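Nothing here was measured: the structure is a model prediction, and the numbers come from that model. Chain naming here is simple, since letters A, B, ... match the order of the sequence lines and numbering starts at 1 in each.
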Amino acid sequence: MNLITRLFSWIEWPAFYSGIWPNVVTFNMMVDGACKMGDMDLALKLVRKMEIMSGGSSKPNSVTYNSLIDGFCKTGGITVAEELRNEMMKIDIEPNVRTYATMIEGYSRAGCLEEALRLCDEMVERGLLPNSVVYNSIMHWLYMEGDVDGASLVFTDMSDKQIPLDKFTCSILTRGLCRNGYITEALKFLNQSLENNLIEDAFSHNILINFLCKSNKFAAARQLLARMYLRGLVPDVVTFGTLIDGHCKEGNIESAVQVYDTMVKGEEKPNLLIYNSIINGLCKDGLVDVARSLVDVLQRMGFVDTITYNTLINGYINCGKFDKAFKLPTLMQNAGIFASSATYNTLIKFLCKFGCVQEAKELMTMMVLWGVLPDSITYRTLFTNIDKNCSAEEVIELHDYMVLKGVVPDKLTYENIVSPLLQEESATS
DNA sequence: CGATAATGGT
């Protein structure tokens with residue numbers, strides 16, 4: 001019996017024991033919980049049995065169906081979702097705006113924007129008015145497809161129909177414009193939204209600051225931060241984290257630390273992500289020893305994770321301090337931090353790069369012994385570096401070993417390197 | 001009364 005079934009197994013018992021009968025809302029909460037966990041079998045089972053389990057007092061309603069439909073859409077079962085929509089109509093539960101919004105998002109996510117747009121028309125025909133959620137979804141997926149003009153048209157339509165814009169609309173437009181290269185337009189739109197008092201949190205600004213950093217426009221990014229203060233918008237950890245990471249990637253530790261100071265002077269507490277960014281920045285800047293001191297301090301504060309150490313390992317390797325890099329897995333274990341596959345992948349890649357493929361293979365078997373599963377990256381690293389005059393049997397043996405340990409092979413590597421050898425092998429034997 | 005839909009940073 002799996003955990004989720006176990007958690008809900010009390011439902012099978014007579015409710016007399018507690019003296020409280022579950023009603024539709026109780027069931028809907030459980031159905032939605034199951035859907036959110038992706039356990040659609042359980043969700044469906046609950047819905048099919050709720051009438052009997054409740055002694056005939058509870059029947060699925062539109063909320064039940066909307067939850068189910070959303071669950072199926074999110075787990076790739078758009079066909080089942082469509083069947084459920086038909087089913088609810090058959091038992092006289094009218095699909096409402098939420099039902100359509102959920103289906104429209106589902107079809108868009110599945111890459112069927114055409115069908116999503118058809119559903120928009122259909123809901124209007126049935127007398128339902130698409131709300132901002134529906135418009136936001138459609139615009140988001142048009143932008144994802146790169147259809148900036150289409151999204152603009154939908155936005156105009158939304159304004160014409162006087163559907164209120166919300167903070168979601170703002171962030172979707174900001175991100176959509178940015179990701180399609182319209183940074184100036186995004187900035188213009190953000191200013192306009194500020195004028196209309198549509199912006200209540202740092203969300204949209206964070207998106208724009210992120211894109212400005214990614215396009216190396218740090219002055220503009222910093223200016224935007226300054227403007228947030230002017231407009232009374234409170235920057236959050238994400239705002240600072242984005243700027244700090246941007247500066248670190250740029251190799252400008254000084255600016256990163258300046259932003260850090262600004263953040264600490266405000267009431268915002270730095271999080272682990274921010275420290276990891278700084279550690280990465282210090283390494284990139286050649287200041288690995290400073291990075292190491294920072295990690296030591298953070299470790300004493302209990303403020304480190306796997307990524308902290310992985311970043312430092314990368315830093316040591318990039319500056320040639322290999323012995324220090326290889327000592328880190330033990331150190332992190334002492335600090336109670338579990339090494340990840342990425343920890344060993346970094347070291348394995350280094351060994352391969354310097355022709356020590358045998359040692360790399362040994363490290364891979366060691367990580368298995370230490371309870372860390374190799375992944376498709378480990379697989380790719382080993383096979384793309386494997387000795388050219390290594391025998392086919394050896395390659396296949398390594399492949400079999402890794403697959404047996406639960407590794408899902410990297411598709412391209414398998415097709416190009418391992419699979420040809422397998423055929424060769426079967427041809428000769 | 002209570003339960004359901006869309007957005008961000010290593």
Query raised in the report: Reckon A:Asp236 touches a base, only the sugar-phosphate, or nothing at all at heavy-atom distances under 4.0 Å?
Result: base
Query raised in the report: Going by heavy atoms closer than 4.0 Å, what residues in residues 106-134 of chain A are next to DNA chain B?
Result: A:Asn131, A:Val133
Query raised in the report: How would you label the contact of A:Asn136 with the nucleic acid (heavy atoms, under 4.0 Å): base, sugar-phosphate, or nothing?
Result: base
Requested in this report: Have a look at A:Val24 and say if it touches a base, only the backbone sugar-phosphate, or nothing, with a 4.0 Å heavy-atom cut-off.
Outcome: nothing
**Report entry** Distance in angstrom units between A:Ile138 CD1 and B:dT7 P, rounded
**Finding:** 13 Å
Report task. Provide the full list of salt bridge (Lys or Arg N to Asp or Glu O under 4.0 Å) pairs with a residue in residues 110-119 of chain A, sequence neighbours left out, each pair given once. Result -> A:Glu115-A:Arg118, A:Arg118-A:Glu122
Report summary line: The nucleotide from B:dT4, B:dT10, B:dG9 with an atom nearest the side chain of A:Ser67 is B:dT4
Query - Touch class at under 4.0 angstrom, heavy-atom based, for A:Asn206 against every strand present - result: base
Requested in this report: Only pairs at least two apart or in different chains count here, so list each salt bridge (Lys or Arg N to Asp or Glu O under 4.0 Å) that has a residue in residues 210-219 of chain A.
Outcome: none
Report task. Kindly assign one of parallel, tilted or perpendicular to the pair A:Trp370 and A:Tyr344, based on the angle between their ring planes and the thresholds 30° and 60°. Result -> tilted
Query raised in the report: Looking across every strand, which nucleic acid part, if any, lies under 4.0 Å from A:Arg98 by heavy atom: base, sugar-phosphate, or nothing?
Result: base
Query raised in the report: Reckon A:Lys74 has a side-chain N or O less than 4.0 Å from the OP1 or OP2 of B:dT4?
Result: no
